[in-house]
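Reading through the structure tokens given below for one structure.
When reading the values below, keep in mind they use all heavy atoms of this one structure, side chains included, and skip hydrogens, waters and symmetry mates.
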There are 2 protein chains.
Amino acid sequence: MEANEIIHQTVRLKIMSALNTANEAMEFTRLKSLSGATDGNLGSHLNTLEGAGYVTVEKDFVGKKPRTRVTITKAGKQAFARHVAYLRDVLEGASTGDAS
Amino acid sequence: MEANEIIHQTVRLKIMSALNTANEAMEFTRLKSLSGATDGNLGSHLNTLEGAGYVTVEKDFVGKKPRTRVTITKAGKQAFARHVAYLRDVLEGASTGDAS
DNA sequence: TAGAGAACTCTGTGTTGCAGAGTTTATATT
DNA sequence: AATATAAACTCTGCAACACAGAGTTCTCTA
């Protein structure tokens, strides 16, 4: 089993976990305070996740304020679940892994 | 709670987890096959971990062959346990964290 | 008109991770 | 004696990354 380096990165791991748990769209602002990232940084991480097909990003306006909402995709959920399984494996020494 | 970036890196996470589980010295060669890292890379990761005080590295000779053995320290065990707790927190959405 | 907030994009800097080459020491092989 | 092999490195690039911070667009509010 292999680590998913896209998901493993700490900021993205927080984002993916939050989205996975929420199971519904979350706002940019929410993710920002949750992850502690700056605007630019968060935008870039979301681009990475979107590029991987793990999240979708929708922009609309509420009244006149822009709103960006992020939702985890099916592929994202699967990749996340797989990575969590990988972590469990590694952390519990469950892998008897001798790759030699 | 904060991520431990030293431990979080995938190769080092594997190493720390293996050492923590083994609870005794492990050989360089073993860690190499286990982590999949190249010689140089593994050496450098071990330096990082040693520099952080998470492992001790002992060199000796068995017969005439050099042997490097790596052992997790008390501080290493603590840091590892804390990071695992952090991961559990993040992964289970246990942190209601709003850092705003 | 002057802020303020949302959600960026862009640029620059510093840090990493990694492969691969070269090094040391010692044994085994021819 | 010469060669090869193994262990465990160090060193040198290179490419990717994370991050801060500045600048931008749009709109509302004071």
Nearest whole angstrom, please: distance from the [atom2] of [N] to the [atom1] of [X].
| X | N | atom1 | atom2 | answer |
| --- | --- | --- | --- | --- |
| A:K32 | C:dA7 | NZ | C1' | 9 Å |
| B:L46 | C:dG17 | CG | C1' | 14 Å |
| A:F61 | D:dT27 | CZ | P | 6 Å |
| B:L42 | D:dT10 | CG | P | 11 Å |
| B:K59 | C:dA26 | NZ | P | 15 Å |
| B:M26 | D:dA8 | CE | C1' | 16 Å |
| B:H8 | D:dA18 | NE2 | C1' | 13 Å |
| B:R12 | C:dT15 | CZ | C1' | 11 Å |

Reported [atom1]-to-[atom2] distance for the pair [X] and [Y], which is rounded to 0.5 angstrom:
| X | Y | atom1 | atom2 | answer |
| --- | --- | --- | --- | --- |
| B:S35 | B:R12 | OG | CZ | 12.0 Å |
| A:R67 | A:T29 | CZ | OG1 | 10.0 Å |
| A:R88 | B:R88 | CZ | CZ | 7.5 Å |

Check the phosphate of [N] against [X], side-chain N and O only, distance under 4.0 Å to OP1 or OP2. Yes or no?
| X | N | answer |
| --- | --- | --- |
| A:N47 | C:dC8 | no |
| B:T68 | D:dC9 | yes |
| A:R67 | C:dG5 | no |

* Name the orientation class of the two ring planes belonging to B:H83 and B:H8 (parallel below 30°, tilted from 30 to 60°, perpendicular beyond 60°). =>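 The arrangement is perpendicular - the two ring planes meet at more than 60°.
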
Q.
I need the minimum non-hydrogen distance between B:F80 and B:M16, along with the two atoms involved.
A.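 B:F80 and B:M16 have their closest heavy atoms at CD1-CB, 3.8 Å.
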
Taking every heavy atom of A:L31 against every heavy atom of A:L46, the minimum-distance pair comes out as CD1-CD2, 4.4 Å

Expected string for nucleotides 18-23 of chain C under the B/S/- scheme (protein heavy atoms, under 4.0 Å, primed atoms plus P, OP1, OP2 as sugar-phosphate) is BSB---

Paired with A:I15, the side-chain contact (heavy atoms from CB on, under 4.5 Å) test is passed by just one of A:L49, A:T10, A:L34, namely A:L49

What are the atom names and distances for every N/O pair under 3.5 Å that joins the protein to nucleotides 13-16 of chain D?
none

If you draw a 6.0 Å radius around CD in B:E5, do more than 12 non-hydrogen atoms from other residues or ligands fall strictly inside? yes

Given the options A:N4, A:T73, A:T48, A:Y54 meets side chain to side chain donor-acceptor pair (under 3.5 Å) only with A:N4

Please work out if A:R69 contacts a base, only the sugar-phosphate, or nothing of the nucleic acid, heavy-atom cut-off 4.0 Å.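 Nothing, no nucleic acid heavy atom in range.
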
Next on the checklist: Counting the atoms with a prime plus P, OP1 and OP2 as sugar-phosphate, which does A:D60 contact under 4.0 Å by heavy atoms, base, sugar-phosphate, or nothing?
Outcome noted: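 No contact at all - A:D60 keeps every heavy atom at 4.0 Å or more from the nucleic acid.
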
